[in-house]
Amino acid sequence: MTDQTPHSNSEDNAPMEQFVTNLQRKKEEEYTQKKASELNLTYQNMVGFQPNPSAVSIVPKDLAHSANIFAYEKDGIKISLALSNPEDPMTIDALKKLSALDEFEFKPVLVSPSSMKYLLGVYDTFSPTQTKVDDINIDTKLQEKFSKLTNLEELQTALTTASTSELTETIFAGAIGLSASDIHIEPTKEGVRIRFRLDGVLHDITNLPLDRLDALTNRIKMLAQLKLNLTETAQDGRFSIHTPKGTYDIRVSILPTQYGESAVLRLLPQEGSFINLDEIGFSPEVKQWVDSAIHEPNGLILNTGPTGSGKTTTLYAILNTINKPDSKIITVEDPVEYRLQGITQTQVNAEEDYTFANALRSIVRQDPDIILVGEIRDKETANIAVDAALTGHLVLSTLHTNDAAGAIPRLVELGAQPKLFSDALRLVIAQRLVRRLCPKCKEAYSPEGVDLEKIKSISPSALPKTIYRPKGCDACNGTGYHGRIGIFEVLRITPEIKEKINGGGSATELAQLAISQGMITLAQDGLARVLEGTTSLDELLRVVGGNETD
């Protein structure tokens with residue numbers, strides 16, 4: 001007797017569902033192939049395809065997903081690029097961004113939506129998280145070209161004639177050759193202004209056509225692993241440059257403007273010897289005060305001044321002096337700017353809630369002798385730093401105040417207790433950087449009239465017969481200056497100063513008392529550099545504003 005038992009629905013439906021799916025996929029691929037022919041594009045079915053890992057990361061993950069594009073093959077500079085909807089505005093915009101990267105040639109290939117879904121699904125498999133764009137390598141020939149510059153004309157010519165692929169390397173080679181600290185790439189209505197910060201002052205280098213901006217910023221964003229498709233928000237990143245002169249860490253800041261994205265890049269050399277305390281610019285007496293304080297077994301030393309005033313250089317010079325095999329030194333910074341041998345360095349990470357306060361709390365459990373805190377920004381960090389200084393640690397840190405005495409009310413504002421931090425505090429160093437006069441072209445003159453009045457406002461007893469001013473020559477690129485030196489005021493915490501702090505004395509009262517005890521102000525220390533011919537009066541006044549107590 002024949003079995004009349006019906007098959008289950010699942011058994012009947014499974015082959016049918018698979019058949020329908022296969023039919024739909026076949027039609028999808030046929031449609032995509034036909035569309036590729038109409039658009040004069042290559043077609044490929046990529047479901048199950050294994051992409052080349054060296055190609056995948058060329059298109060950042062966020063851009064691949066938002067624009068439905070995927071780099072799957074690499075042959076030299078030729079990149080095969082899968083796209084599923086070439087008429088989508090987001091895809092078109094992404095292709096424009098990628099095409100601006102002149103170092104690659106992109107070959108578009110049309111794939112079906114199913115192929116694109118598969119490719120995006122395997123992105124992480126074939127582009128592991130540790131994959132990153134290669135850092136810039138500047139060859140010896142290019143670096144030598146710019147290290148021998150005697151003026152800016154050669155660099156200006158090189159930038160205006162460089163191809164898109166050479167432009168980024170040329171900018172960096174020129175900046176390193178001129179010892180620039182920062183590169184500014186600024187879009188304007190007329191074009192792209194390139195400026196370098198040399199000896200603390202911005203100098204115009206050249207103007208490029210506005211149509212070169214995207215290629216330049218996209219190249220920088222790829223190096224710094226920033227999102228190419230985000231152009232309306234600020235982004236920060238970093239990468240490295242390797243040159244015959246050494247390795248440079250590049251900190252990148254991207255900011256949207258009405259004419260395009262503006263980029264500022266800070267160049268931080270990672271090799272070479274650090275400046276020592278003898279080269280910082282301390283007067284002999286101040287050097288003795290600092291040397292005594294940094295060799296104490298405990299206490300708090302603060303360094304104040306605006307961004308770019310040389311605080312980090314001074315603190316590293318101190319660390320370099322007291323870095324001994326029998327001492328454990330730990331730093332927490334934002335970010336770690338220089339690498340020091342024999343020192344444990346850690347970097348804050350706001351996204352992971354690894355703040356100065358949290359890092360410092362962990363550091364004190366690591367049995368350090370000396371601690372450097374990049375900056376005291378809040379009550380918690382201030383109190384932990386003070387507590388560490390009172391319990392057997394030497395603590396170095398920075399504050400953003402205009403002068404040394406201003407650090408005291410700033411600590412009070414942050415919530416630190418005067419009776420505690422006055423016990424912990426040893427020194428407050430305030431500083432600025434002034435440009436050195438070019439020794440090859442500086443010219444002497446006798447100060448009269450307004451110049452003499454300005455000198456007397458800083459030091460009434462000063463009656464110099466000769467001081468120097470800048471002139472400009474090929475050796476200094478016509479600026480009249482070459483290099484920088486620090487000027488300082490150092491507030492010692494004497495018993496009288498401590499009493500004034502505990503009594504709620506103002507910054508003005510503290511400064512007046514410190515001056516009566518021998519403190520030299522920033523302006524007075526700077527005037528000493530003017531009188532010895534190291535810098536000019538105009539440069540000093542540019543930096544300190546002529547304020548005697550600043």
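All residue numbers in this chain count up from 1 along the given sequence.
Looking at R426, its side chain does come within 3.5 Å of a backbone N or O of D423 through a donor-acceptor pair. At least one donor-acceptor pair under 3.5 Å links the side chain of H295 to the backbone N or O of D291. Side chain of D204 to backbone of T206: no donor-acceptor contact under 3.5 angstrom is found. E279 places a side-chain N or O within donor-acceptor distance of the main-chain N or O of N276, the cut-off being under 3.5 Å. Looking at E539, its side chain never comes within 3.5 Å of a backbone N or O of R436 through a donor-acceptor pair.
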Q) For D538 and R542, what are the C-alpha separation, side-chain angles and deciding distance, and is it a salt bridge (Lys or Arg N to Asp or Glu O under 4.0 Å)? A) CA-CA 6 Å; D538 285 346; R542 180 188 72 83; over 6 Å; no

Q: Output, in order, the C-alpha distance, side-chain angles, deciding distance and verdict of side-chain hydrogen bond (donor to acceptor under 3.5 Å, both in side chains) for T534 and E532.
A: CA-CA 6 Å; T534 301; E532 70 187 20; 2.7 Å; yes

Q: List the steps, then state whether side-chain hydrogen bond (donor to acceptor under 3.5 Å, both in side chains) holds for S536 with Y481.
A: CA-CA 9 Å; S536 69; Y481 298 95; 2.7 Å; yes

Q. So T314 and Q431, side-chain hydrogen bond (donor to acceptor under 3.5 Å, both in side chains) or not? Walk me through it.
A. CA-CA 9 Å; T314 298; Q431 71 177 85; 2.8 Å; yes

**Q.** Intermediate values then yes/no, side-chain hydrogen bond (donor to acceptor under 3.5 Å, both in side chains), N303 and T398
**A.** CA-CA 5 Å; N303 195 351; T398 71; over 6 Å; no

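For the residue pair S397 / E375, no side-chain donor-acceptor distance below 3.5 Å is found, with atom types taken as modelled.
Remark: D278 engages K287 in a salt bridge, criterion side-chain N to carboxylate O under 4.0 Å. With respect to R435 and D199, no salt bridge is recorded, no charged nitrogen being found less than 4.0 Å from a carboxylate O. The pair K221-E261 meets the salt-bridge criterion, with a side-chain N (NZ, NE, NH1 or NH2) lying under 4.0 Å from an Asp/Glu carboxylate O. Between D214 and R219 there is no salt bridge, since no side-chain N of the basic residue sits under 4.0 Å from a carboxylate O of the acidic one. Using a 4.0 Å cut-off between charged side-chain N and carboxylate O, R410 and E413 make a salt bridge.
Here the closest heavy-atom approach between residue L522 and residue R432 is recorded as CD1-NH1, 3.7 Å. Smallest separation of non-hydrogen atoms from I220 and L265: CG2-CD2, 3.8 Å.
In this pair, F239 and F172 present their aromatic rings perpendicular. The plane angle is above 60°, beyond the 30 to 60° band.
Remark: of the listed residues I429, V373, L425, L425 is the sole one forming a side-chain contact (heavy atoms from CB on, under 4.5 Å) with L302.
Y468 has its ring centre no less than 6.0 Å from the ring centre of Y445.
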